[in-house]
Amino acid sequence: MILILVYWLFLFFLLLPFGMLVNKSLKLKTTNTCILLLLGLVALTLSFTVTAFFFSLGLYSILCYLFLNSLLYFIYHKELKETLITFIRQVQRLSLFYKSVLILLLLGAALKSAQLPFIIDNESYYIQTIKWVNEYGLVKGLANIHIYLAQVSPWHILQAGLNLSFLSTTFNDLNGFLFIICILYCLLEPRNNEKSNKTTWFSLLPVVSIVFFLFLDAPSPDLPLLVITPLILYLYTREQTLERFKISLILFAFIAFIKITILPVGILFLPALINRGKLLYFIKLLSVFATIWIVKNIIVSGYPLYPFTFITSGNDWVVPQAILDSINTISHKDVYGVDSSTSFIQKLISWLQLDGIKGVFNKLIVFLFLIMLLFKKVRQNKKYLVIYSAFLIHFITLLFISPQYRFFLPEIMFFTLFIISEVVNYLNKETFNTTVILGGVLLSFTLFVDFNFKPLTANKHHQSVSKLKASQLYQPEPITRYPEMKFIKKQVGKFEYYSPETNFFIFGTGNGSLPCVNESQLDYFKQKTGYIPQPRGEFIEEGFISTKALDNIIQ
């Protein structure tokens, strides 16, 4: 925990001047420290992604950015000093209650970040994506050895750029830092700017801290969506100035860049585009993010708009459609509970009737969409009606593509906080407000208890959380929950790779040496599609392709 806190302090001073650079370059004129830190994250995500097109992200890259950091401190020393002084004063002005909330969440987030990763996706492609970028940068056709690597979220590229992989302890802990920055903004901003004494839904964000805590111990790209979306919606519901429009659009472009599933929510910004100046700003911003995203996709998978595969780059490293169809069949059954040949209505019925936590959240989101229309503010306030409509379009889009409950958690959290705020304001009792916030914060600490999740999920990998240990107070746990896992060097054709000795699940790779892929996965795709991965050349840097195996294909 202590090392994590020191690392976050390092990130704070690293990111601040880059945020100031964006602020000055785009003439945003913000003095909010939390916004500047978020802008710094945006700047480095874009920059690291472009850097990864050509180089690996390790010691030399971070040294270059530290040099730029020092140069920016020299250029903006006066503005940065004033910003820090204002920030410290704002924190000092917080009431004892909100200071306590901040300290509890800071220490809790650091301790959760120091634990073993909970999310199983960390063991299939989070670690491996970051490791590839650390050691080689973006490699052509990387998705041919493990289809999940086709995603290569820019959030993982940013993790690779900032995780100090050249040290003995690797820090894949950006999620906790981002969570604290957004919580700080939540605690500071409404209290400095809201004229009304009413409780806003945004000021209640700590109530759902338990949701964020589930994503803190692994570098999940879902976390940025969950914590930044409420901030964007808060800016949207306030008086719309040009500065707020620009900041909220940058942040939305950032989370869509990280995880494309949030894109339909972007209809929030469409009404503002009748203004010529805002439209030009939108086009310029879109051009930057889209160009980098497309190039990244072409390099890794050969599909410019991946996960949409109707357009191909035509390169020799394009992932065969047969592999994509095979993985889509697997994910389709997991999401809907039935195979792809079933009618859409039957899929929805099955989706609603899924067991465990999936079924609970699936029913909950439908219930929340219905109950939200009972609130006068939603029906009559134009901004809240637009937010509701944007979320509805997002939800309907997901129903047709991939209605995984974690994809619509932003809706669930916003609707829940909105309803709680309406109840708090109706009762109009400050003690109830503070009790709700403190209760939500303390609830997140139940994740440190050895709790059995079997009744909530059939996924054996998500049926328990990491146990609390005294050593976690000063030394973070390894970046994988299988630190003792052994790997065996194997070969198929000319492709040499490392496979986990124990097949803990078919897509599992853990923290194996590169290139790493589960032998069971290769055998599965070989049998189902006839394809096996092969090197494009003599060196790993030249990338990978898929070629037909000589064995018979099992239809």
Side-chain angles (χ1 to χ4, degrees), residues 112-132 143 145-153 155-156 159 170 172-176 210-226 259 261 307 327-328 330-335 337 354-361 402-407 409 447-448 450-467 476-487 498-512 516-522 524-525:
K112 195 72 178 72
S113 299
Q115 292 193 307
L116 288 173
F118 170 70
I119 300 173
I120 192 59
D121 285 346
N122 184 66
E123 309 300 333
S124 61
Y125 72 102
Y126 291 178
I127 295 174
Q128 288 293 311
T129 300
I130 295 169
K131 197 165 189 173
W132 274 103
I145 67 171
H146 194 315
I147 189 59
Y148 287 178
L149 295 177
Q151 300 177 56
V152 185
S153 171
W155 187 244
H156 291 147
Q159 296 269 356
T170 298
N172 288 348
D173 300 294
L174 272 179
N175 282 13
I210 188 171
V211 178
F212 302 130
F213 267 51
L214 287 169
F215 296 90
L216 295 187
D217 49 23
S220 170
D222 291 303
L223 190 279
L225 269 69
L226 296 179
K259 202 171 183 69
T261 54
I327 194 67
N328 287 338
I330 296 174
S331 60
H332 193 283
K333 182 67 178 292
D334 181 62
V335 171
L354 289 174
D355 295 329
I357 194 169
K358 291 181 181 180
V360 171
F361 277 102
S402 182
Q404 300 179 51
Y405 72 88
R406 60 192 174 96
F407 289 172
L409 279 176
L447 294 178
F448 294 111
D450 188 13
F451 182 76
N452 184 5
F453 285 85
K454 286 184 179 180
L456 297 177
T457 177
N459 188 332
K460 64 180 181 179
H461 302 291
H462 287 160
Q463 291 177 351
S464 63
V465 294
S466 176
K467 294 181 180 179
E477 296 278 12
I479 60 175
T480 171
R481 68 165 77 172
Y482 305 107
E484 304 301 324
M485 179 75 71
K486 294 182 180 180
F487 294 83
Y498 293 89
S499 176
E501 185 178 48
T502 303
N503 180 24
F504 58 104
F505 86 112
I506 189 171
F507 298 110
T509 52
N511 193 27
C516 185
V517 62
N518 196 314
E519 183 181 25
S520 297
Q521 180 191 156
L522 293 188
Y524 174 84
F525 284 114

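What you see is a predicted model, and the numbers here were worked out from it, not measured in a lab.
Looking at Glu519, its side chain never comes within 3.5 Å of a backbone N or O of Asn503 through a donor-acceptor pair. A donor-acceptor distance shorter than 3.5 angstrom exists from the side chain of Glu123 to the backbone of Arg481, with no hydrogens or angles considered. No donor-acceptor pair under 3.5 Å is formed between the side chain of His146 and the backbone N or O of Cys516.
For Ser331 against Asn328, the heavy-atom pair with the smallest separation is OG-O, 3.1 Å. Minimum heavy-atom separation, Gly508 to Pro500: O-CG, 3.6 Å. What you find for Leu216 and Phe212 is that their closest heavy atoms are CG-O, 3.3 Å. Contact detail for Ile327 and Tyr148: the closest heavy-atom pair is CD1-CE2, 3.9 Å. Across all their heavy atoms, Ile479 and Ile127 have their closest contact at O-CD1, 3.4 Å. The heavy-atom pair separating Ile119 from Ala218 by the smallest distance is CB-CB, 4.4 Å.
In terms of the salt bridge (Lys or Arg N to Asp or Glu O under 4.0 Å) criterion, residue partners of Lys259 (sequence neighbours excluded) are, by chain and number, Asp222. Partners of Thr502 according to the side-chain hydrogen bond (donor to acceptor under 3.5 Å, both in side chains) rule, which considers only residues two or more places apart in sequence or in another chain, do not exist here. Under the side-chain hydrogen bond (donor to acceptor under 3.5 Å, both in side chains) criterion, Asp334 pairs with Lys358, not counting sequence neighbours. Qualifying side-chain hydrogen bond (donor to acceptor under 3.5 Å, both in side chains) partners for Gln159, counting only residues two or more places apart in sequence or in other chains: none. The side-chain hydrogen bond (donor to acceptor under 3.5 Å, both in side chains) check on Glu477 picks up Gln472, with sequence neighbours excluded.
Using a 30° and 60° split on the angle between ring planes, His156 and Tyr126 fall in the tilted class, from 30° to 60°. By the 30° and 60° cut-offs, the orientation of the rings of Tyr405 relative to Phe361 is parallel.
Contact annotation: the side chain of Thr129 approaches that of Val152 to within less than 4.5 Å [non-hydrogen atoms, C-beta and beyond]. Between Phe507 and Tyr524 the shortest side-chain heavy-atom distance does not fall below 4.5 Å. Annotation: side chain of Pro219 is in contact with side chain of Ile130 (closest heavy-atom distance under 4.5 Å). With a 4.5 Å cut-off on side-chain heavy atoms, Asp121 and Ser220 do not count as touching.
Taking CZ of Phe213 as the reference point, atom CZ of Phe118 lies at 14.5 Å (rounded to 0.5 Å). Rounding to the nearest 0.5 Å gives a distance of 6.0 Å between CG of Asn511 and OG1 of Thr480. Interatomic distance, Thr509 OG1 to Ile145 CD1, rounded to the nearest 0.5 Å: 9.0 Å. Note that OG of Ser124 and CG of Leu149 are 8.5 Å apart. Values are rounded to the nearest 0.5 Å.
A donor and an acceptor atom, one from each side chain of Ser113 and Asp173, are nowhere located under 3.5 Å apart. Gln151 and Ser153 are not linked by any side-chain donor-acceptor pair at a separation below 3.5 angstrom, with hydrogens and angles left out of the test.
Counting only residues at least two apart or in different chains, salt bridge (charged side-chain N to carboxylate O under 4.0 Å, His left out) contacts with residues 212-221 comprise Lys112-Asp217.
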